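To start, the structure itself, in structure tokens.
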2 protein chains.
Amino acid sequence: MQIDRSKDNHLKSLTNHIATLFHLSPQDAELFLSQFSQTVLKKNDVFVAEGQVCNKVGLIEHGLMKCVYNKEGEEVVFEFAHEGNFISDYYSFVTNTPSEKEIRCLEDTTLYVITKEKLQTLAIVHPFIESLSRTMNERLFLQLHDRLKSMLLDDAQQRYQQLLVQRRDLAQRIPQYLIASYLNVTPETISRIRKKMSI
Amino acid sequence: MQIDRSKDNHLKSLTNHIATLFHLSPQDAELFLSQFSQTVLKKNDVFVAEGQVCNKVGLIEHGLMKCVYNKEGEEVVFEFAHEGNFISDYYSFVTNTPSEKEIRCLEDTTLYVITKEKLQTLAIVHPFIESLSRTMNERLFLQLHDRLKSMLLDDAQQRYQQLLVQRRDLAQRIPQYLIASYLNVTPETISRIRKKMSI
DNA sequence: CACATTCATTGACCTACATCAAGAACGCTG
DNA sequence: CAGCGTTCTTGATGTAGGTCAATGAATGTG
């Protein structure tokens, strides 16, 4: 049932997406994305390994990834990313320290990748990259802020319900035990919450 | 025992601090700070009220402030800020939405304040402001990241111990019940942790 | 189709931390 | 220094959510 589009069409759609997101002209957005190189990964492939300095940012064209801490053998989900999202261990990226997280594909994933070095080189020539970086930092800040706020103020059920509202699409593609981990509870707790809510 | 310095000396010290923090030339740092206006607040004075859009950033010269959520009448500490720190509800600042937090002085506080509008005007004339904003966003991101990480991975005792190591100076100026709130536990829990650690 | 694997559910029980209530130890300020 | 508000401590008890273990459902694979 899916229409097979050319790589160019996909890229075009991503370009529009980026232009809108960062208030760029179509030309700037195209210039920006033309510096990325395409990477194709299979389900369970690792994009960033724990212990490696993350010096790259990906922009997902198609697919789904998770970014997780390893806490004594248990995965603790830090973030999910899907079509149109950027993915990186941005903490490692900024601080140049080894990543304490792992980024891995939950589905077959195609993404466009650019290195930190290339980004910095670009920023020198094209001032709009600096402004784009600022906006991106802002977005990352807002995301983290929302997450921290709900950890500080809400209980497990409230967090789950908010997730269902705010990221319903994601919640349907991701196994419940990973949702649980993202909400910082056990799968059993999610199961009981669902029962209580009779979903 | 304290040496009484002139206002100019204080400002000079802040200017150096900012220059170092953001890799600015002394000239740029001075130019930047010259756009701020001094505000003097007493203990318990409100800097940002809940419900008001926060369109300003303060830089603390002397004193201590808290930034708190109000959760059903209970304060939940989001952040503390003291000498040399910037203070704002940056979420409200960026999104132009009413602040859900209150920022209030824990001690008599002197700070330098600049409005969002002025900052934006400045950025047009002086490109270094844009880069400074990016760096500031980055720092805010890293701060939130650390906090979220410890909420996800650590228990109350670990969070308390890390606070003692990372912000010992702060911990000594702030009542324990606010430390507790910052760590998202009750004062009783902190008291019991201290007993167990025999501090 | 049989079998394995992976995920979700449920129940019994446990634990970290919260809540409530009562003192104790500080400051202040008159 | 007496008295009072504020913070900290301690004990008794409650609870959200964790852990462990068993069972089911759903999915993939030879």
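As a basis for the values below, the full set of heavy atoms in this structure was taken, side chains included, without hydrogen atoms, waters or symmetry mates. What you see is a predicted model, and the numbers here were worked out from it, not measured in a lab.
B:Lys56 forms a cation-pi arrangement with B:Phe47, by the criterion of a distance under 6.0 Å to the ring centre and an angle within 45° of the ring axis. For the pair A:Arg134 and A:Phe22, the cation-pi criterion (under 6.0 Å, within 45° of the ring axis) is not fulfilled.
For B:Lys195, a side-chain nitrogen or oxygen approaches OP1 or OP2 of D:dG11 to under 4.0 Å. Phosphate proximity of D:dA16 to A:Thr189: absent, as no side-chain N or O sits under 4.0 Å from OP1 or OP2.
In the interface, the side chain of B:Glu188 is paired with the base of C:dC20 through a donor and an acceptor atom under 3.5 Å apart.
You'll find the side chain of A:Leu122 reaches within 4.5 Å of the side chain of A:Ile114, heavy atoms only.
To the nearest angstrom, C1' of C:dC7 lies 12 Å from CZ of A:Arg194. As rounded to whole Å, 12 Å separates atom C1' of C:dT5 from atom NZ of A:Lys43. Taking atom CD1 of residue A:Ile190 and atom P of nucleotide C:dT9, one finds them 10 Å apart after rounding to whole Å. Rounded to whole Å, the distance from CG on A:Leu178 to C1' on C:dT6 is 12 Å. Atom CG of B:Leu183 and atom P of C:dC17 are 11 Å apart (whole Å). Computed from coordinates, the A:Asp155 CG to C:dT19 C1' distance equals 16 Å when rounded to whole Å. The separation between B:Lys196 atom NZ and C:dT15 atom C1' is 11 Å, rounded to whole Å. Spacing between atom CD of B:Gln158 and atom C1' of C:dA16 amounts to 13 Å, rounded to whole angstrom units.
Ring geometry for B:Phe36 versus B:Phe86: interplanar angle of 30 to 60°, hence tilted.
Nucleic acid contact for B:Thr186: base, since at least one base atom lies under 4.0 Å from a heavy atom of the residue. Backbone-only contact: B:Pro175 has heavy atoms under 4.0 Å from sugar-phosphate atoms and none from a base.
Counting only heavy atoms from C-beta on, B:Gln176 has its side chain closest to D:dT9 among D:dT9, C:dC17, D:dG17.
Between B:Arg173 and B:Glu107, at least one side-chain nitrogen of the basic residue sits less than 4.0 Å from a carboxylate oxygen of the acidic one, meeting the salt-bridge criterion.
Heavy-atom distances to DNA chain D give each of B:Arg192 and B:Ile174 a nearest nucleotide, and the one nearer the 5′ end belongs to B:Ile174.
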